[in-house]
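Report on one structure; see the data block that follows.
Being a predicted model, the structure only gives us computed values, none of them experimental. Just so it is clear, the values below take in all heavy atoms, side chains as well, and ignore hydrogens, waters and symmetry mates. Per chain, numbering begins at 1; letters A, B, ... match sequence-line order.
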Number of protein chains: 2
Amino acid sequence: MIKIAIYEDNIRLSQLLALLIETTEDFELVGCYENCVNALQNTRNERPHVIVMDIDMPQRSGIEGVFEIKSHFPEIKIIMHTVFDGNEHLFECLSKGADGYILKKDSSTRLIQAIKEVNDGGAPMSPFIANKVLQSFRKQSTQDEYKLTEREREVLSYLAKGFSYRMISIELNISVETVRRHIKNTYQKLHVQCGPEAVAKAIRSGIIAS
Amino acid sequence: MIKIAIYEDNIRLSQLLALLIETTEDFELVGCYENCVNALQNTRNERPHVIVMDIDMPQRSGIEGVFEIKSHFPEIKIIMHTVFDGNEHLFECLSKGADGYILKKDSSTRLIQAIKEVNDGGAPMSPFIANKVLQSFRKQSTQDEYKLTEREREVLSYLAKGFSYRMISIELNISVETVRRHIKNTYQKLHVQCGPEAVAKAIRSGIIAS
DNA sequence: AAGTCAATAACCCTTTTGGGTTATATCAAA
DNA sequence: TTTGATATAACCCAAAAGGGTTATTGACTT
């Protein structure tokens, strides 16, 4: 039996999915929610094998949910099930640990199939998504890992020393806006979203001295 | 010859100090400014041996000045010369690298003497200040170095993982205010003033995993 | 029993961050 | 020579962060 939980704010759709799962052999629906507010607690209680997760949900998005659940239960498989086919959400989800990414425009049976795949250790993706991922992978492997510019490294190291943007700008004799620009670019390259995380990653990966 | 620079926004006082220094044997006044806006550049040009630094100055405080100058020229001695005798400024300055701390209520000749002392590798302090430092030192050495509580360490490690205060609060099931409290306490204990710096220090000193 | 510490929480307030967008000059590489 | 990367800069705007103060609770120590 594969234990499955659903996070989907569109009630019509979630009921459809629930029905589909309950009527599929070897599948067991252990939870169905319309947002991620209690995602961690739910997960702790139910210990699903696979989670089907929408992204755009009220209060707490599916991205936050993935991040949180994966931090605690890396072995639980999470399939994103969403209308978003843009790069932003896609890479954010994958970097947070999503195991599959199925678009809603695919058939429901594709989702069922994806659940089996992911439970077997696969990485089910809609073809369009799979292509994007491959492309990005190629791009990334050619620009070997975190390719920060000299200036970005410099700014980052000041950040780790406790300088504020303003202090860095005075320090380097450039505008605060430019400091902000460098930092924003750095965050993108490191796939992080705030200073503390960037500094942690930079130190651990040797980008700045430890 | 000891080359000396002054940062003091009270013109009356800075002129007095300047005169005093110029008329002292073996002393040479190489700069006299009313704030730290160009402190680093001034220092680069003049290479003073000793800097006499007020704290409360317009635009950029002496504390920022100390931090910046010491980051680049750790060998230059800086004496704080201020009316503040409270703990806040004192420890902040010392942690930023100040080498001496003389109160303005001491005589000017005491300052002259302090300049000689600091240039010889000493750490001139007003008696009252010296006591405070000793007290704090005792307190600190009994509570050996960074004694974070379990909870504080936990919160800090979430911070390094890129969680916002709000996410941490949900994670640990406590209020955002409490998260804030733990972080504020942590900053005090680590002698830092922002997240990135705290994370850097924590990783480098092994408080959180690297 | 009094005192300290840890954890919790709330309130005030300002500054800083960080996301998005757009634009410029420069320099090197294709 | 056109493209691409880099460094620079500005703007808008919401959210997050951080500093100060105060208080309550429970646990452990004098």
Side-chain angles (χ1 to χ4, degrees), chain A residues 59-61 63-64 86-89 91-92 139-140 142-144 146-156 158-199 201, chain B residues 59-61 63-64 86-89 91-92 139 142-144 146-156 158-201:
Chain A
Q59 276 147 78
R60 302 196 74 208
S61 79
I63 295 181
E64 289 183 273
N87 287 338
E88 343 69 46
H89 286 318
F91 293 118
E92 202 173 352
K139 204 189 292 170
Q140 205 177 0
T142 54
Q143 61 178 34
D144 76 288
Y146 311 126
K147 210 189 63 183
L148 299 193
T149 67
E150 196 44 45
R151 202 54 154 173
E152 284 161 357
R153 253 192 301 280
E154 195 177 10
V155 168
L156 188 55
Y158 279 116
L159 203 62
K161 282 184 196 159
F163 283 61
S164 69
Y165 290 10
R166 185 177 136 267
M167 288 179 77
I168 298 175
S169 80
I170 293 170
E171 194 59 33
L172 300 179
N173 207 34
I174 57 182
S175 88
V176 177
E177 291 302 324
T178 303
V179 173
R180 178 205 299 294
R181 200 33 314 144
H182 289 315
I183 290 181
K184 277 190 273 202
N185 289 337
T186 301
Y187 288 179
Q188 282 211 322
K189 292 185 185 178
L190 299 186
H191 308 302
V192 299
Q193 42 266 311
C194 66
E197 193 185 2
V199 166
K201 196 154 195 170
Chain B
Q59 278 147 78
R60 305 196 72 208
S61 78
I63 294 180
E64 290 183 272
N87 287 336
E88 342 71 47
H89 286 318
F91 292 118
E92 202 174 351
K139 205 190 294 173
T142 54
Q143 61 179 33
D144 76 287
Y146 310 126
K147 210 189 59 182
L148 298 193
T149 67
E150 196 44 45
R151 203 54 154 172
E152 285 162 356
R153 252 191 301 279
E154 196 176 9
V155 169
L156 188 55
Y158 279 116
L159 203 63
K161 283 184 195 158
F163 283 62
S164 68
Y165 289 10
R166 184 177 138 269
M167 290 179 77
I168 298 174
S169 79
I170 294 170
E171 193 60 32
L172 300 180
N173 207 35
I174 56 181
S175 88
V176 177
E177 291 302 325
T178 304
V179 173
R180 178 204 299 295
R181 200 32 316 146
H182 288 314
I183 291 181
K184 276 190 274 200
N185 289 338
T186 302
Y187 288 178
Q188 283 211 321
K189 292 184 185 177
L190 298 185
H191 307 304
V192 299
Q193 42 265 311
C194 67
E197 193 185 2
V199 166
K201 195 153 195 172

Axis deviation across the helix from C/dA1-D/dT30 to C/dA30-D/dT1, five-pair ends, to the nearest 10°: 50°
Integer-rounded Å distance: [N] [atom2] and [X] [atom1]:
{"X": "A/Asn185", "N": "D/dT8", "atom1": "CG", "atom2": "P", "answer": "12 Å"}
{"X": "B/Ile63", "N": "D/dG19", "atom1": "CD1", "atom2": "C1'", "answer": "14 Å"}
{"X": "B/Glu150", "N": "C/dT8", "atom1": "CD", "atom2": "P", "answer": "12 Å"}
{"X": "B/His182", "N": "C/dC5", "atom1": "NE2", "atom2": "C1'", "answer": "13 Å"}
{"X": "A/Leu159", "N": "C/dT17", "atom1": "CG", "atom2": "C1'", "answer": "10 Å"}
{"X": "B/Arg180", "N": "C/dA9", "atom1": "CZ", "atom2": "P", "answer": "13 Å"}
{"X": "B/Glu177", "N": "D/dA16", "atom1": "CD", "atom2": "C1'", "answer": "12 Å"}
{"X": "A/Arg151", "N": "D/dT8", "atom1": "CZ", "atom2": "C1'", "answer": "10 Å"}

For the pair A/Lys201 (side chain) and A/Val192 (backbone), establish whether a donor and an acceptor sit closer than 3.5 Å, ignoring hydrogens and angles. no
Side-chain heavy-atom pair [X], [Y] within 4.5 angstrom cut-off:
{"X": "A/Gln188", "Y": "A/Lys184", "value": "no"}
{"X": "A/Arg60", "Y": "B/Ile170", "value": "yes"}
{"X": "B/His182", "Y": "B/Ile168", "value": "no"}

Give me the atom names and distance for the closest heavy-atom approach of [X] to [Y].
{"X": "A/Ala198", "Y": "A/Leu190", "value": "O-CD1, 4.0 Å"}
{"X": "B/Cys194", "Y": "A/Gly162", "value": "SG-CA, 3.8 Å"}
{"X": "A/Gly195", "Y": "A/Leu159", "value": "CA-CD2, 4.2 Å"}

First of B/Thr178 and A/Ile183 reached from the 5' end of DNA chain C, by closest nucleotide: B/Thr178
Determine: side-chain N/O of B/Thr149 to OP1/OP2 of C/dA7, distance under 4.0 Å, yes or no. yes
Of the candidates D/dT8, C/dA7, C/dG19, the side chain of A/Tyr187 sits closest to C/dG19
Sequence neighbours excluded, the answer for ring pair (Phe, Tyr, Trp, His ring centres under 6.0 Å) partners of B/Tyr158 is B/Phe163
With sequence neighbours left out, what residues match A/Tyr165 under ring pair (Phe, Tyr, Trp, His ring centres under 6.0 Å)? none
Could you check B/Arg181 against B/Glu177 for side chain to side chain contact (heavy atoms under 4.5 Å, CB included), going step by step and ending with a plain yes or no? CA-CA 6 Å; B/Arg181 200 32 316 146; B/Glu177 291 302 325; over 6 Å; no
Could I get a table of every N or O pair under 3.5 Å where one atom is in the protein and the other is in nucleotides 21-27 of chain C?
unit_1	atom_1	unit_2	atom_2	d
C/dT21	O4	A/Arg181	NH1	3.0

With a 4.0 Å cut-off on heavy atoms, is A/Glu152 in touch with a base, just the backbone sugar-phosphate, or nothing at all? nothing
Which ones in residues 163-176 of chain B lie close to DNA chain C, meaning a heavy atom under 4.0 Å from one of its atoms? B/Ile174, B/Ser175
Value rounded to 0.5 Å, distance of CG in A/Leu156 from CG in A/Leu148: 6.5 Å
Per the salt bridge (Lys or Arg N to Asp or Glu O under 4.0 Å) rule, what does the pair list look like for residues 160-176 of chain B, sequence neighbours excluded? A/Glu64-B/Arg166
